[in-house]
A.B. asks: 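I am attaching a structure below and will ask some questions about it afterwards.
Computed from heavy atoms alone, side chains included, the values below leave out hydrogens, waters and symmetry copies. Sequence positions, counted from 1, serve as the residue numbers for this chain.
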Amino acid sequence: MNQYSLKSFFVLTAFLMIYACSSSKKAQIDTIGEDSLKREQSIVPDTFVLPYIPEEMTNSDARAVYLVMHYWDRFDFSDEKLTLRPEITEQAFVDYINILSYVPFDRTKESLNHTLRKAEANNTMYTYFGTLFDKYFYGANSPFRNEEFYIPVLQELVNSEILSETDKSRYRFQFEMVMKNRVGETANDFAYTLASGESQRMHSIKSEYLVLMFSNPGCSTCASVTDVLTKSVTLNKAFSMNSPTRTMITVLTVYPDADIDEWRSYLPQMPANWIHSYDKETTITKQKLYDIKAIPTLYLLDKDKKVILKDTSIEAIESFFAKPN
């Protein structure tokens, strides 16, 4: 979990709800007068202060939209010393990305672009905000990882005239990777090789659902994930539906590296009802077919090999199979 407390996030949520009208479902953002929307939002030096939300805006959805669009109004982006105050700036950033999920995606994109434009007030601040978006939206261990939110950010960063070419090169690579194997799209196919030496194509697997797990032998996290998956009640229930005429679920592990002897020595410890393979030509890595930021990396695919869950968690996979069909 992130080192910064989420206490202020709950304060923000409560703030949104203070004037919420439970009987009203329609957002009121467009009915608020122009004068109210232009209320003075004075910048407060050396700290972060929430924007004023017009009192006449009583609908919680409208308040959420207003908050994400005006969240940084009172923050001094020109003061680069605030990049050295994570208890102020990074904490405010964490709370900001939390509330983005409370508004429609088009508003989220608009807010993200607006935030980056405001950060252009200072080159150091702009670079710093780029690293925060990288850390929280793209980082392998971030609890807030969200590639769909990161895409509009990357589209701005790669075209920035402020960032160094080194930074833009890194963001260009990230953009290339996040655009691959997106949810709803067909996952990239690849050849996998079994211990017998036989090679097959991932797309040739006949199964209603395919759990794709990129892993390494001897990886302690991989072993923990494997243990949880093998003991999962929901996954075992799905496995129980497999029959000679129907395959409900298949788990395919893929070792993407080159030490095949180590991989073979670890096979006896792996579940017998899974398919275990390696990438004989290390094509996945060479051609960057999948963004394997950390090991293990999990995907859930449907029968047509369309991505249901990308770079996901055990909990998300279990939750999917726990839903009534």
A.B. asks: Donor-acceptor pair, distance only, cut-off 3.5 Å: does the side chain of Asn181 make one with the backbone of Leu289?
C.D. replies: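 Answer holds: yes.
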A.B. asks: Under a single-linkage definition using a 4.5 Å side-chain heavy-atom cutoff for Ile, Leu, Val, Met, Phe, Trp and Tyr, are Leu116 and Leu67 assigned to the same hydrophobic cluster?
C.D. replies: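 Same hydrophobic cluster.
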A.B. asks: Just do the side-chain hydrogen bond (donor to acceptor under 3.5 Å, both in side chains) check on Ser207 and Thr247 with the steps written out, would you?
C.D. replies: CA-CA 5 Å; Ser207 183; Thr247 303; 5.5 Å; no
A.B. asks: Is a donor on one side and an acceptor on the other found under 3.5 Å between the side chain of Thr312 and the backbone of Leu309?
C.D. replies: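 No, because the side chain of Thr312 does not come within donor-acceptor range (under 3.5 Å) of the backbone of Leu309.
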A.B. asks: Verify, without hydrogens or angle tests, whether Thr297 (side chain) and Ala294 (backbone) share a donor-acceptor contact under 3.5 angstrom.
C.D. replies: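 Judged by distance alone, yes, a pair lies under 3.5 Å.
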A.B. asks: Looking at every heavy atom in both Phe77 and Asn122, which two are closest together, and how far apart are they?
C.D. replies: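 Shortest heavy-atom separation between Phe77 and Asn122 comes out as O-CB, 3.3 Å.
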A.B. asks: Taking NZ, NE, NH1 and NH2 as the nitrogens, is one of them in Glu90 or Lys135 under 4.0 Å from a carboxylate oxygen of the other?
C.D. replies: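 Salt bridge flag = yes for Lys135 with Glu90.
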A.B. asks: Which one of Tyr192, Tyr266, Trp263 satisfies the side-chain contact (heavy atoms from CB on, under 4.5 Å) criterion with Tyr255?
C.D. replies: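 Of the listed residues Tyr192, Tyr266, Trp263, the side-chain contact (heavy atoms from CB on, under 4.5 Å) partner of Tyr255 is Trp263.
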A.B. asks: List in chain and number order the residues that pass salt bridge (charged side-chain N to carboxylate O under 4.0 Å, His left out) with Glu198, two or more places apart in sequence or in another chain; answer none if no residue qualifies.
C.D. replies: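 Glu198 satisfies salt bridge (charged side-chain N to carboxylate O under 4.0 Å, His left out) with no other residue.
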A.B. asks: Return yes if some donor-acceptor pair links the side-chain N/O of Thr230 with the main-chain N/O of Thr226 below 3.5 Å, else return no.
C.D. replies: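 Such a contact is found between Thr230 side chain and Thr226 backbone.
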A.B. asks: Answer yes or no: is there an ion pair linking Glu318 with Lys323, defined by an N-O contact shorter than 4.0 Å?
C.D. replies: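 The answer is no: the pair does not qualify as a salt bridge.
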A.B. asks: Between the main-chain N or O of Pro51 and the side-chain N or O of Tyr66, is there a donor-acceptor pair closer than 3.5 Å?
C.D. replies: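 No: the side chain of Tyr66 does not pair with the backbone of Pro51.
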A.B. asks: Checking the side chain of Tyr290 only, and the main-chain atoms of Asn188 only, is there a donor and an acceptor separated by less than 3.5 Å?
C.D. replies: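 Present.
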A.B. asks: Could you check whether Lys180 pairs with Glu176 (Lys NZ or Arg NE/NH1/NH2 to Asp/Glu carboxylate O, under 4.0 Å)?
C.D. replies: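 Result for this pair is yes, salt bridge flagged.
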A.B. asks: Ion pair present between Arg63 and Asp61, side-chain N to carboxylate O less than 4.0 angstrom?
C.D. replies: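 Asp61 and Arg63: not salt-bridged.
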A.B. asks: Report the distance from atom CG of Asp167 to atom OH of Tyr126, rounding to the nearest 0.5 Å.
C.D. replies: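 If I round to the nearest 0.5 Å, the distance is 10.5 Å.
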A.B. asks: Consider side-chain hydrogen bond (donor to acceptor under 3.5 Å, both in side chains). Of Glu147, Glu185, Glu148, which one does Lys310 pass it with?
C.D. replies: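 Answer to the side-chain hydrogen bond (donor to acceptor under 3.5 Å, both in side chains) test with Lys310 among Glu147, Glu185, Glu148: Glu147.
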A.B. asks: Between Asp257 and Asp259 (side chain of the first, backbone of the second, donor and acceptor by atom type, cut-off under 3.5 Å), is there such a pair?
C.D. replies: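 A pair under 3.5 Å: no.
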A.B. asks: With a 4.0 Å cut-off on N to O distance, would you call Arg117 and Glu120 a salt bridge?
C.D. replies: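 Glu120 and Arg117: not salt-bridged.
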A.B. asks: Indicate yes or no: does Lys81 engage Asp46 in a salt bridge with an N to O separation below 4.0 Å.
C.D. replies: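 Here Lys81 does not pair with Asp46 in a salt bridge, since their nearest N and O are not under 4.0 Å apart.
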A.B. asks: Centroid separation under 6.0 Å, is that true for the rings of Tyr209 and Phe321?
C.D. replies: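 Between Phe321 and Tyr209, the centre distance is under 6.0 Å.
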